[in-house]
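Residue numbers start from 1 in every chain, and the chains themselves are labelled A, B, ... in the order their sequence lines are given, proteins ahead of strands.
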Amino acid sequence: MTTVRIPEHWPATEEQARAVQDELRERVILDEPGPPPGTGHVTGVDVAYDDERDIVAAAAVVLDASSLEVVAEATAVGRVPFPYVPGLLAFREIPTVLAALDALPLPPGLVVCDGYGLAHPRRFGLASHLGVLTGLPTIGVAKNPFTFAYDDPDTPRGSSSALLAGSEEVGRALRTREAVKPVFVSVGHRVTLAVACAHTLALTPEYRLPETTRRADALCRRALRDTYPA
DNA sequence: GCGACAG
DNA sequence: ATCTTGTCGC
């Protein structure tokens, strides 16, 4: 497993971090459809924290998009590089996630993040940030609506409704399991919202959350306890 | 000013 | 995110 250091010029204040977002936001690509769902590789990334020891562990798990079988995985650990501030989550996760992605023996294909992309106070969430830095197509699938408004989607799996920032649709509330709380899908980089939702449905044949994030979540937790046992 | 707020 | 037992159900 890779060990990472905090990058030299990583933002130290919220003001600096917001300035980085405002700068990088210009590079987001929103007019590409993205890879077709059900083909190629799809990679889930996630992180786990040990606040006591100031440690963060990241995992990247590559799945075959049609069988959802694991094709490759990698992990990385490092110091937590930024405090949790709503809207600045990416600065906590990105260095370690990048290291895990770099350690993969294969191209990741589409990357599925645990959080938001466009659905963000400055329209530049974790998935957008990771996409711009890697050039990879990315989407965000979050478990909560954050500050955004939405109407409850219809009961059947596959139903969806707009995730709204005022009157602007920044994502979709997507029902991945009948009558179960929806997930909140937003575009990261080089993927369309419709395609992002299609991928999310393809990744949730059984559970509310995408297989990608379920696998990545399990792996980064394992990496954390294997590396720094209680 | 106060509360809410991805993970 | 993380702290945490049992419990209901497939």
Do the two ring centres, one from A:F91 and one from A:W10, sit under 6.0 Å apart?
yes
What do the steps show when you test A:D46 against A:R221 for salt bridge (Lys or Arg N to Asp or Glu O under 4.0 Å), and what is the final call?
CA-CA 9 Å; A:D46 193 18; A:R221 291 183 194 230; over 6 Å; no
Got a second to check how far [X]'s [atom1] is from [Y]'s [atom2], nearest 0.5 Å?
| X | Y | atom1 | atom2 | value |
| --- | --- | --- | --- | --- |
| A:E93 | A:C220 | CD | SG | 9.0 Å |
| A:T204 | A:E211 | OG1 | CD | 9.0 Å |
| A:S186 | A:L126 | OG | CG | 9.5 Å |
| A:L209 | A:D114 | CG | CG | 7.5 Å |

Just by protein heavy atoms under 4.0 Å, how would nucleotides 2-7 of chain B read 5' to 3' in B, S and -?
---BBB
Per-nt protein contacts along nucleotides 5-10 of chain C (heavy atom under 4.0 Å; B base, S backbone sugar-phosphate only, - none) come out as ------
Residues sharing A:F146's hydrophobic cluster, by side-chain heavy-atom contacts under 4.5 Å among ILVMFWY, directly or via others?
A:Y116, A:F148, A:Y150, A:L163, A:V170, A:F184
Any salt bridge between [X] and [Y], counting N to O under 4.0 Å?
| X | Y | value |
| --- | --- | --- |
| A:E169 | A:R172 | yes |
| A:R175 | A:D152 | yes |
| A:R190 | A:D31 | no |
| A:D22 | A:R18 | no |

For residues 176-183 of chain A, run the donor-acceptor check on the side chains, cut-off 3.5 Å, and write out each pair with its distance to 0.1 Å, sequence neighbours left out.
residue, atom, partner, partner atom, Å
A:T176, OG1, A:R208, O, 2.7
A:R177, NE, A:E206, O, 3.4
A:K181, NZ, A:N144, OD1, 3.2

Stem finding on DNA chain C, please: runs of three or more consecutive Watson-Crick or G-U wobble pairs, both distances under 3.5 Å, sorted by first number.
none
Just how far, in rounded Å, is C1' of C:dT2 from CD of A:E52?
11 Å
Of all of residues 195-218 of chain A, which get a heavy atom below 4.0 angstrom from DNA chain B, listed by number?
none
